[in-house]
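We name chains A, B, ... by the order of the sequence lines, and we start the count at 1 in each one. Computed from a predicted structure; not experimentally measured.
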There are 2 protein chains.
Amino acid sequence: MSAGEQRGRKPRADVQRNRTALLETAQRHFLQHGVGTSLEAVAKEAGVGPGTLYRHFPTREALLAAVLQTRSEELVARQADIEQLGDPAEALEQWLRAMEEYFSAFSGLPDPLMAAARAQEPDNPLTIPCGILISATDQYVRAAQLAGRVRASVRGHDLFLAACSVAWIKGTGTEEESLDRLRTLIASGYRERDTQA
Amino acid sequence: MSAGEQRGRKPRADVQRNRTALLETAQRHFLQHGVGTSLEAVAKEAGVGPGTLYRHFPTREALLAAVLQTRSEELVARQADIEQLGDPAEALEQWLRAMEEYFSAFSGLPDPLMAAARAQEPDNPLTIPCGILISATDQYVRAAQLAGRVRASVRGHDLFLAACSVAWIKGTGTEEESLDRLRTLIASGYRERDTQA
DNA sequence: CATACATACGGAGGCAGCATCCGTTTTGAT
DNA sequence: ATCAAAACGGATGCTGCCTCCGTATGTATG
């Protein structure tokens, strides 16, 4: 079970090479054409046949999940920054923004993400990441609630949905101003009313 | 320009027949398989060739818009009911629910709807309906604001987006309970804080 | 009723993308 | 140098989109 364990044979070199090439190309295509981009095109540009792509990543979701893994590291990095903040309300706000950006990395991403969040299919490779994000959000929410900055009825899952929504709308090409207005609306929804003295 | 004007020749009978058959079949398929349903299948089941379908409705959006027209009549009917209510806050709430149901009639509907709401392409047949809905929402918002029940900073367009979002999430198969929580969150966002005496 | 004309029909066909299967090549081990 | 496992990749079949044009259908006229 040790890290360096190599059972049987050393893995072939081209495997890792192709995998990397596919991931890089896929990321570019997802960025440019959204999650619905042609997988054939990705394979061709990565210099491999369709078969190779499908062997590495049996479904579009699998490829997507693998590409997202890279990006999710950025998200974790942000978490470190966020936890520096003393203010739990501020922390929650920033976390929501971070998630939103993560969700809107590629156009059309929120749809498969939501499908995974529903999580009926446990073999969906996007399911696990979603679960992590939801419980992370819940942490931030609880902290802010303890500080009396967020209404008691709010749950992490609610704000996860809200962040997804905003990301979805963003992906439809709505202007940034409208988005900001929506964010403000949502913030007014979860923030505790000022406890007037 | 009068209604009964018939220039040249009387229109052929099969035209109207096919159009109706297509609309009915399309509605069924949209309901069962979402807006992405196969148009070929619709044509076949309606008993016409693909060419006929595309002549009547050149794009998927055109077909969608035509089908939606029927449903939008229900929406207008609801407006009458809603305006019976004395309470403008209640009226707004009901209107939002009505829109939400309208948006989630077919799975996947919110996407083309939002694309139309952006309204860069004025020939998109969904654009006009969207504009109407937005300004209608604005009416309800203003009324509620005059009664001091909705925060002054809120605009109709914001709540239009919110309703779209909820409809979108609904379409992804999220449980009704989560949806209700989200609706509550949004409502807390736009409602005026209780003016404590 | 017969004819002529306009109009609409419908399916064949070209194209793109998905996903699979299997003969061939590459690679690591001996 | 040789072998066998492992991976490759492209040919293949399928579905759906959308267009084009020869043909059928329905409407007006003698």
Side-chain angles (χ1 to χ4, degrees), chain A residues 4-23 25-26 28-30 32-66 106-108 111-112 115 121 123-125, chain B residues 4-26 28-30 32-66 106-108 111-112 115 123-125:
Chain A
E5 181 185 26
Q6 59 182 75
R7 36 206 263 177
R9 188 186 280 242
K10 189 160 106 187
R12 284 175 53 159
D14 45 353
V15 170
Q16 182 61 24
R17 207 153 27 82
N18 284 333
R19 189 187 155 85
T20 311
L22 279 169
L23 283 176
T25 312
R28 262 207 322 282
H29 280 241
F30 283 147
Q32 288 177 11
H33 313 294
V35 297
T37 194
S38 159
L39 296 188
E40 274 193 344
V42 170
K44 189 184 296 184
E45 197 182 305
V48 305
T52 299
L53 189 156
Y54 283 103
R55 193 170 335 97
H56 280 272
F57 309 101
T59 68
R60 184 180 295 270
E61 277 74 34
L63 179 56
L64 200 50
F106 316 129
S107 129
D111 289 82
E121 323 123 41
D123 52 346
N124 183 327
Chain B
E5 180 183 25
Q6 61 180 77
R7 37 206 264 175
R9 191 183 275 243
K10 188 160 108 187
R12 285 175 52 159
D14 44 357
V15 171
Q16 183 60 26
R17 208 153 29 80
N18 284 331
R19 187 185 157 86
T20 310
L22 279 169
L23 283 177
E24 281 177 7
T25 311
R28 261 207 323 283
H29 279 240
F30 283 148
Q32 289 177 10
H33 312 294
V35 296
T37 194
S38 159
L39 297 189
E40 275 192 343
V42 171
K44 190 184 296 184
E45 196 181 305
V48 305
T52 300
L53 189 156
Y54 284 103
R55 194 169 337 95
H56 280 273
F57 309 102
T59 67
R60 184 180 295 270
E61 276 74 34
L63 179 56
L64 200 50
F106 315 128
S107 129
D111 289 81
D123 52 345
N124 184 327

Starting from [atom2] on [N], measure out to [atom1] on [X] and report it in whole angstrom.
{"X": "B:Arg19", "N": "C:dC9", "atom1": "CZ", "atom2": "P", "result": "12 Å"}
{"X": "B:Leu22", "N": "C:dC9", "atom1": "CG", "atom2": "C1'", "result": "12 Å"}
{"X": "A:Leu53", "N": "D:dG10", "atom1": "CG", "atom2": "C1'", "result": "14 Å"}
{"X": "A:Gln16", "N": "D:dA6", "atom1": "CD", "atom2": "P", "result": "17 Å"}
{"X": "B:Phe57", "N": "C:dC9", "atom1": "CZ", "atom2": "P", "result": "11 Å"}

Within this structure, what is the [atom1]-[atom2] distance for the pair [X] and [Y], rounded to the nearest 0.5 Å?
{"X": "B:Phe106", "Y": "B:Gln32", "atom1": "CZ", "atom2": "CD", "answer": "11.5 Å"}
{"X": "B:Leu39", "Y": "B:Thr25", "atom1": "CG", "atom2": "OG1", "answer": "12.0 Å"}
{"X": "B:Leu22", "Y": "B:Tyr54", "atom1": "CG", "atom2": "OH", "answer": "11.5 Å"}

*By salt bridge (charged side-chain N to carboxylate O under 4.0 Å, His left out), which residues pair with A:Glu45, not counting sequence neighbours?*
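Listed in chain order: A:Arg28.
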_Results of salt bridge (charged side-chain N to carboxylate O under 4.0 Å, His left out) for B:Arg12 - residues two or more places apart only_ =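 B:Arg12 satisfies salt bridge (charged side-chain N to carboxylate O under 4.0 Å, His left out) with B:Asp14 only.
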At a cut-off of 3.5 Å, list every protein nitrogen or oxygen paired with a nitrogen or oxygen from nucleotides 4-7 of chain C, distance to 0.1 Å.
unit_1 : atom_1 : unit_2  : atom_2 : d
C:dT7  : O2     : B:Arg12 : NH1    : 2.0

*C:dC9 phosphate, OP1 or OP2: any side-chain N/O from B:His56 under 4.0 angstrom?*
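For C:dC9, OP1 or OP2 has a side-chain N or O of B:His56 closer than 4.0 Å.
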*Look at B:Asn18 and C:dA8 and indicate whether a side-chain polar atom (N or O) is within less than 4.0 Å of OP1 or OP2.*
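So the side-chain polar atoms of B:Asn18 never come under 4.0 Å of the phosphate oxygens OP1 or OP2 of C:dA8.
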*Can you check each nucleotide of nucleotides 14-21 of chain D against protein heavy atoms at under 4.0 Å and return B for base, S for sugar-phosphate only, - for none, in 5' to 3' order?*
--BBBBB-
*Who pairs with A:Asp111 by side chain to side chain donor-acceptor pair (under 3.5 Å), at least two apart in sequence or on another chain?*
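For A:Asp111, the residues satisfying side chain to side chain donor-acceptor pair (under 3.5 Å) (neighbours in sequence not counted) are B:Trp168.
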Only distances under 3.5 Å count here; give the side-chain donor-acceptor pairs of residues 56-66 of chain B to other protein atoms, sequence neighbours excluded, each with its distance to 0.1 Å.
unit_1  : atom_1 : unit_2  : atom_2 : d
B:Thr59 : OG1    : B:Glu61 : N      : 3.3
B:Thr59 : OG1    : B:Ala62 : N      : 3.0
B:Arg60 : NH1    : B:Val35 : O      : 2.8
B:Arg60 : NH1    : B:Thr37 : O      : 2.8
B:Arg60 : NH2    : B:Thr37 : O      : 3.4

_Sidechain-backbone polar pair: A:Thr52 side chain, A:Val48 backbone, donor-acceptor under 3.5 Å_ =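 Checking the backbone N and O of A:Val48 against the side chain of A:Thr52, no donor-acceptor pair under 3.5 Å is found.
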*Nearest heavy-atom neighbours spanning B:Ala43 and B:Gly49*: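 Answer, listing the atom of B:Ala43 first, then B:Gly49: CB-O, 4.0 Å.
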*How would you label the contact of A:Arg17 with the nucleic acid (heavy atoms, under 4.0 Å): base, sugar-phosphate, or nothing?*
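Sugar-phosphate, backbone atoms only, no base.
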